[in-house]
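Written out below as structure tokens is the structure these notes cover.
Both backbone and side-chain heavy atoms feed into the values below; hydrogens, waters and symmetry mates do not. Numbers restart at 1 for each chain; the letters A, B, ... are given by sequence-line order, proteins then strands.
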Protein chains: 2
Amino acid sequence: MNVHSDGEAEKSMAKLEKRDEIVRAALELIAEHGFHGAPMAMIAEKAGVGAGTIYRYFENKDVLINELYRDLEERLCAVLMEGYSSEQPVRERFIHLGTAILRYCISNPLDFRFLEQFHNSPYGVVHRRDKLFGKTDQKDVYRELFEEGLVQHVVKQLPMVVLFALAFGPLITVARDHILGFVVLDEALIGQAIAACWDGLKR
Amino acid sequence: MNVHSDGEAEKSMAKLEKRDEIVRAALELIAEHGFHGAPMAMIAEKAGVGAGTIYRYFENKDVLINELYRDLEERLCAVLMEGYSSEQPVRERFIHLGTAILRYCISNPLDFRFLEQFHNSPYGVVHRRDKLFGKTDQKDVYRELFEEGLVQHVVKQLPMVVLFALAFGPLITVARDHILGFVVLDEALIGQAIAACWDGLKR
DNA sequence: ACCATCAGAATGAACGTTCATTCCTTTTAG
DNA sequence: CTAAAAGGAATGAACGTTCATTCTGATGGT
């Protein structure tokens with residue numbers, strides 16, 4: 001298909017392009033207007049496809065949303081691991097990850113807003129429960145890091161979940177505040193915020 | 001019937017009782033199943049009133065939800081201020097407030113879950129925006145506290161919003177994890193978690 | 001003491017709207 | 001020409017809200 005590959009921006013997207021358009025449209029609408037401000041018909045319109053077409057790519061809305069979530073998780077994970085080295089000391093690694101997360105959220109506000117919506121929804125709780133007992137993921141990098149911090153006695157002797165809370169809680173909160181316009185995070189502030197988180201964590 | 005006012009637990013609630021039943025039912029359903037697992041018909045059933053009756057007490061669902069929020073905010077605020085004294089040092093006051101919040105969330109999981117839902121919704125953002133620029137509320141206690149901490153040079157020189165994030169972020173996260181059953185917070189852990197938050201905050 | 005009348009509280013079936021999903025038609029690619 | 005893909009109107013379920021009706025308890029006339 002597409003014997004002449006250029007031109008034709010509107011019509012005839014390749015199959016993957018179309019799937020991506022749908023996913024992107026869903027991301028934008030859900031991030032901006034919440035799960036319930038994103039009806040399938042509107043997603044279809046924004047993606048430039050018919051309403052029924054979505055169902056050729058996704059069994060139903062739940063599946064679409066879950067696949068979108070997986071996509072984002074994967075992207076975020078990739079960003080986090082970029083330049084990450086298990087050789088460095090625990091503190092440096094924590095700061096690397098924290099900075100990467102914060103930068104990512106700030107430069108991809110739509111992703112961040114969607115992830116927040118997702119986590120505060122029936123989907124999110126199920127997903128989280130699974131994660132704490134099963135799969136491999138972003139959090140495993142953190143889990144590894146904190147476990148190492150524990151045996152080296154550089155972080156406080158607290159349950160893993162509490163360490164997560166001390167590390168993520170402020171980062172997520174501050175990212176949300178930045179995106180909602182309640183504060184402007186520049187590089188200096190990002191550094192200070194993450195250093196403060198480390199102060200909470202360190203023994 | 002009912003010549004004598006006692007007995008008859010089922011029938012004939014006083015007007016305020018009925019309002020409270022509706023609010024309580026809404027709280028339970030929204031806390032447990034989210035905003036969208038709480039249709040008016042179900043709230044009515046749980047409250048033991050007819051669907052139309054709700055509209056004699058609340059103009060519409062939005063109003064019901066906002067009044068519920070105000071009720072909870074008021075209760076929480078009262079709990080926070082119980083035994084609070086502006087005379088004590090900043091650190092002690094922070095620990096008092098943190099402990100009170102955490103204890104409240106743990107012993108009132110429905111309230112906590114509802115408040116979380118509320119904050120992650122169109123309602124919540126509007127409300128927050130208003131707060132940062134206008135009204136008197138719970139957060140003002142914190143604001144006062146942090147401002148005093150700043151001038152006394154006992155907390156880090158950071159924007160108010162970032163201080164909020166460092167203080168609340170972990171507390172909320174850890175409360176959520178407790179309620180979802182990912183960790184069991186006892187008094188010892190509560191104390192350690194709050195102390196860790198303070199480590200993040202203090203200069 | 002009795003009952004007729006009445007006000008307003010309560011009710012829940014019915015309505016209109018919104019939405020996810022389906023299904024049949026049209027378009028496109030090979 | 002055929003089969004797959006795309007389209008979008010039709011469908012039916014779920015929801016918030018309304019409103020004509022019923023219920024209840026108080027009032028006052030006899």
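If you take CG of A:Leu64 and C1' of C:dC19, they are 15 Å apart, rounded to a whole angstrom. Between B:Ile43 atom CD1 and D:dG16 atom P there is a gap of 7 Å when expressed in whole angstrom units. If you measure from atom CZ of A:Arg56 to atom P of C:dC24, you get 15 Å, rounded to the nearest angstrom. If you take OH of A:Tyr55 and C1' of D:dA9, they are 15 Å apart, rounded to a whole angstrom. Atom NE2 of B:His36 is separated from atom C1' of D:dA13 by 17 Å (rounded to the nearest Å). In this structure, A:Asn60 atom CG and D:dA13 atom P are separated by 17 Å, rounded to whole Å. Straight-line distance from the CE atom of A:Met42 to the P atom of D:dG8: 16 Å, rounded to whole Å. For the pair A:Arg19 CZ and D:dA6 P, the interatomic distance rounds to 14 Å; values are reported in whole Å.
Of the two residues near DNA chain C, B:Gly50 and A:Ala38, the one whose nearest nucleotide lies more 5' is B:Gly50. Heavy-atom distances to DNA chain C give each of B:Ala51 and A:Pro39 a nearest nucleotide, and the one nearer the 5′ end belongs to B:Ala51.
Among D:dT17, D:dG7, C:dT21, the nucleotide with an atom closest to any side-chain atom of A:Lys61 is C:dT21. Listed nucleotides D:dA5, C:dT11, D:dG7 differ in distance to B:Thr53; the shortest reach to its side chain belongs to C:dT11. In the set D:dG7, C:dA20, D:dG16, the nucleotide with an atom closest to the side chain of A:Met40 is C:dA20.
OP1 or OP2 of D:dA6 has at least one side-chain nitrogen or oxygen of A:Lys18 nearer than 4.0 Å.
One side chain, B:Asp111 or B:Tyr104, offers a donor N or O that lies under 3.5 Å from an acceptor on the other.
A:Tyr57 comes within 4.0 angstrom of the backbone, heavy atoms only, and of no base.
Smallest separation of non-hydrogen atoms from B:Gln117 and B:Ile30: NE2-O, 3.8 Å.
Salt bridge A:Glu32/A:Arg113: absent, no basic N to carboxylate O contact under 4.0 Å. Taking 4.0 Å as the cut-off between side-chain N and carboxylate O, A:Arg93 and A:Glu87 do not count as a salt-bridged pair. Using a cutoff of 4.0 Å between basic side-chain nitrogens and carboxylate oxygens, B:Lys202 and A:Asp199 are not scored as salt-bridged.
Under the salt bridge (Lys or Arg N to Asp or Glu O under 4.0 Å) criterion, B:Arg24 pairs with B:Glu21, not counting sequence neighbours.
Contacts between residues 25-34 of chain A and DNA chain C, counted as heavy-atom distances below 4.0 Å, involve no residue at all.
The line from OG of A:Ser121 to CD of A:Glu116 is 11.5 Å long, rounded to the nearest 0.5 Å.
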